[in-house]
There are 2 protein chains.
Amino acid sequence: MSRVPIPDLPTEPTQARRFGKARTAQSTALAEDYAELIADLLASSGEARPTDIARRLGVSHATAIKTIARLKREGLATSRPYRGVFLTPEGEALAARVKSRHRLVVDLLRAVGVPAEAAEQDAEGIEHHVSDLTLAAFSRYLAKAG
Amino acid sequence: MSRVPIPDLPTEPTQARRFGKARTAQSTALAEDYAELIADLLASSGEARPTDIARRLGVSHATAIKTIARLKREGLATSRPYRGVFLTPEGEALAARVKSRHRLVVDLLRAVGVPAEAAEQDAEGIEHHVSDLTLAAFSRYLAKAG
DNA sequence: CGGCAAGTGTAGACGTGGCTACACTTTCCG
DNA sequence: CGGAAAGTGTAGCCACGTCTACACTTGCCG
Ligand SMILES: [Mn+2]
Ligand SMILES: [Mn+2]
Ligand SMILES: [Mn+2]
Ligand SMILES: [Mn+2]
């Protein structure tokens, strides 16, 4: 059963916990992107319609509608047939958090020398895996070095 | 159809491309983690068995076996019944790339002040979204500031 | 004000990545 | 050397996130 302790690897439970948390982060990523995008659309144009959301995400409108249904199920959004999508207070809170985190991640990447478009691109994925501790460190770093 | 240009948002095609790339990165993340882990297990103990892989990832052995089957389908791994898992040359190349990228991401996070365990934790997810351009910037930053 | 284009919604398919349950093979030790 | 424990494999379930196809509603404009 391989009971020899393996030197350079983390312990099994530690590694399992890390992978597990990464999986969780992944599963919330989509809701976070939708919330952020819906908030942006509402702020800049006053409405967030499924087709606009779909076009901006690069998916079919059917996919967008199904995901919006999940957001509603989870208490993050509301919508009535043919009437556009809105955020609940919880949805707005999520969007605000996600938006500020997104900005911080882009700023940190830029600060360590990542080119603008690469920073924007990579931040779209990275943001969902940045913990509060890491976010705080980014903040401190930017305050000091900025 | 909302043909008013929206000021603060990226253009629709730009944003769609970014989200699309993030989705692609996400879909390769699992294969990357498996390849890296299999290489580590082979290096440190000479064998990589489905149950060990499953325990370290924190999933059931059935899940691990199914994913290993996908790796085999994609030409990254080989295995014969009851005999453990090995990497193809392509699999080893992927593992090497992933491992060095993982290390760089952890080092960068540490360098900007992220606590050790948070860096290890967050890197597990972040690594899959770091482009070559960003990686190169991390490298330069560490060479300079390290 | 009527009709058509655009938008919306629903149904059904598919691949992935989880799980449990159960059957089979290997290994190891008494 | 035989049997129990550990490991392996398979089947079948589920939720998610994607798609295409088709039907229905809205809203605008001629
Ligand atoms: Mn994102
Ligand atoms: Mn974002
Ligand atoms: Mn990882
Ligand atoms: Mn890794």
Side-chain angles (χ1 to χ4, degrees), chain A residues 1-4 12 16-17 19-35 37-38 41 45-74 76-86 125 128, chain B residues 1-4 12 16 19-35 37-38 41 45-74 76-86 124-125 128:
Chain A
M1 215 199 310
S2 133
R3 286 298 69 193
V4 203
E12 243 170 44
R17 188 174 25 73
F19 280 122
K21 282 196 191 169
R23 276 194 301 274
T24 299
Q26 188 145 329
S27 83
T28 62
L30 199 66
E32 292 181 347
D33 283 335
Y34 270 75
L37 177 55
I38 291 168
L41 289 172
S45 81
E47 57 176 10
R49 296 147 86 231
T51 299
D52 290 334
I53 295 169
R55 267 201 300 256
R56 294 203 103 87
L57 286 165
V59 299
S60 73
H61 81 278
T63 296
I65 287 174
K66 235 187 235 184
T67 305
I68 291 164
R70 192 185 120 201
L71 261 41
K72 290 164 71 173
R73 232 189 305 132
E74 292 172 355
L76 296 171
T78 59
S79 79
R80 290 185 350 277
Y82 299 95
R83 275 310 72 120
V85 184
F86 298 91
H128 308 288
Chain B
M1 215 199 313
S2 131
R3 286 299 68 193
V4 205
E12 241 169 49
F19 281 123
K21 283 196 190 169
R23 277 194 301 274
T24 299
Q26 191 138 338
S27 84
T28 62
L30 199 66
E32 292 181 347
D33 283 336
Y34 270 75
L37 176 56
I38 291 168
L41 289 171
S45 80
E47 58 176 11
R49 297 148 84 232
T51 298
D52 290 335
I53 295 169
R55 266 200 300 256
R56 294 203 103 87
L57 287 165
V59 298
S60 73
H61 81 277
T63 296
I65 287 174
K66 234 188 236 183
T67 305
I68 291 164
R70 192 186 120 200
L71 262 41
K72 289 164 72 172
R73 233 189 305 132
E74 291 171 358
L76 296 171
T78 60
S79 78
R80 291 187 346 280
Y82 299 93
R83 279 299 82 112
V85 184
F86 298 91
E124 203 50 75
H128 308 288

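Below, chains carry the letters A, B, ... as their sequence lines are ordered, and counting in each starts from 1. Bear in mind the structure is a predicted one, so any value in this text is a computation, not a measurement.
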Original post:
What is the per-nucleotide protein-contact pattern of nucleotides 9-16 of chain D, from the 5' end, where B denotes a base atom under 4.0 Å from a protein heavy atom, S denotes such proximity for sugar-phosphate atoms only, and - denotes neither?
Top reply: BBBBB--S

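- Annotation: side chain of A:Ile53 is not in contact with side chain of A:Thr67 (no heavy-atom distance under 4.5 Å).
- Interatomic distance, B:Lys72 NZ to B:Arg80 CZ, rounded to the nearest 0.5 Å: 10.0 Å.
- Atom CG of A:Asp33 and atom P of D:dT18 are 10 Å apart (whole Å).
- Going from atom CD1 of B:Ile53 over to atom P of D:dA6 covers 20 Å, rounded to whole Å.
- Distances shorter than 4.0 Å separate none of the side-chain N or O atoms of B:Ser60 from OP1 or OP2 on C:dG18.
- The CD1 atom of A:Ile65 sits 6.5 Å away from the OG1 atom of A:Thr51 when rounded to the nearest 0.5 Å.
- Nearest approach of A:Ala54 to A:Ala64, heavy atoms of both residues: CB-CB, 3.8 Å.
- The line from NE2 of B:His128 to OG1 of B:Thr24 is 14.5 Å long, rounded to the nearest 0.5 Å.
- Side-chain N or O atoms of A:Arg23 include one that pairs as donor or acceptor with a backbone N or O of B:Gly58 at under 3.5 Å.
- Picking from D:dC19, D:dT8, C:dG7 the nucleotide with the shortest atom distance to the side chain of A:Thr51 gives C:dG7.
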